[in-house]
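Only heavy atoms go into these numbers, but all of them, side chains included; no hydrogens, no water, no symmetry mates. As the structure lists them, so they are numbered: ligands from 1, and atoms in each ligand from 1. Numbering of residues begins at 1 and proceeds along the displayed sequence. For clarity, every value in this text was computed on a predicted model and none was experimentally measured.
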Amino acid sequence: MIIRNYRVTDETGWVRCRTLAFLQTAYFDNVLNKKEHYQNPAIELVAELDGQIVGLIDVEFEKEERTVCSRGEGLGGMIWHIAVHPDFSRRGIGQQLLYAAETIAKEMNINRFEAWTRDDLWVQKWYEKMKFKMVDSYYHVYFEGSEMKHKIQSNIPNLYLVNTFTHYVGNDIDQFKSNNRVHKCVCFERSF
Ligand SMILES: CC(C)(COP(=O)(O)OP(=O)(O)OC[C@H]1O[C@@H](n2cnc3c(N)ncnc32)[C@H](O)[C@@H]1OP(=O)(O)O)[C@@H](O)C(=O)NCCC(=O)NCCS
């Protein structure tokens, strides 16, 4: 297994690896059909085994404080994507990708990584194992069909909402407890 920089020709393998990895998480329907690109410089690494992309990490990093990260001081890096193909999980690939990205980040004078994830306890445990600390959270609330009744409606004539995805940053999450999908979105941070 080698860890190397992402190349344009990796895109199909990158998309497949990310899709399969996220399928087993609360982000199961957050499917991309092409690789994300960033406004700022980014560390974009893949893990390759026998010609297959089995892992990936993308970290966009700041040239100016607070232009990418949501908190903290100094220049930070945001982990937008980290994923390991499920057939190759628990072999240390995620950890190696993270450490490789961290080595590069330190050379760029980045002082920390920030990452957001949902309420998959095993993913949160992985971040904790990697010495990240949970520092912030809010909620992702989905409204589907009748869940929207009398709560969320369109004010455009003849336009009807069918599904809605919202961010809730208040303290009364219980009001949405009958909703089918409510996720706590958690911020992890690791300083170098
Ligand atoms: C989180 C992730 C990157 C870890 O990669 P990995 O190479 O499998 O993990 P590592 O080998 O570095 O670390 C292994 C540890 O991760 C956790 N872990 C990984 N896969 C797991 C699974 N399927 N079930 C439970 N724990 C798991 C365990 O703590 C495990 O330690 P253990 O085997 O001693 O119990 C990978 O599982 C993944 O792609 N997850 C889905 C995508 C995601 O949620 N990304 C982060 C949000 S952006």
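- Salt bridge present: Asp29 and Arg181 bring a charged side-chain N and a carboxylate O closer than 4.0 Å.
- For ligand 1, residues of the protein lying within 4.0 angstrom by heavy-atom distance are Ala21, Phe22, Thr25, Ile82, Ala83, Val84, Ser89, Arg90, Arg91, Gly92, Ile93, Gly94, Gln95, Thr117, Trp122, Val123, Trp126, Tyr127, Lys129.
- Side chain of Arg190 to backbone of Met130: a donor-acceptor contact under 3.5 angstrom is found.
- For the pair Ile79/Leu98, a side-chain contact is recorded, criterion being any heavy-atom separation below 4.5 Å from C-beta on.
- Judged as a salt bridge (charged side-chain N to carboxylate O under 4.0 Å, His left out), and not counting sequence neighbours, Arg118 has no contacts.
- Ion pairing between a basic and an acidic side chain is recognised when a charged N comes within 4.0 Å of a carboxylate O; Glu48 and Arg4 show such pairing.
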Candidate pair Phe188 and Phe113, rule ring pair (Phe, Tyr, Trp, His ring centres under 6.0 Å), full reasoning: CA-CA 8 Å; Phe188 282 95; Phe113 279 165; over 10 Å; no
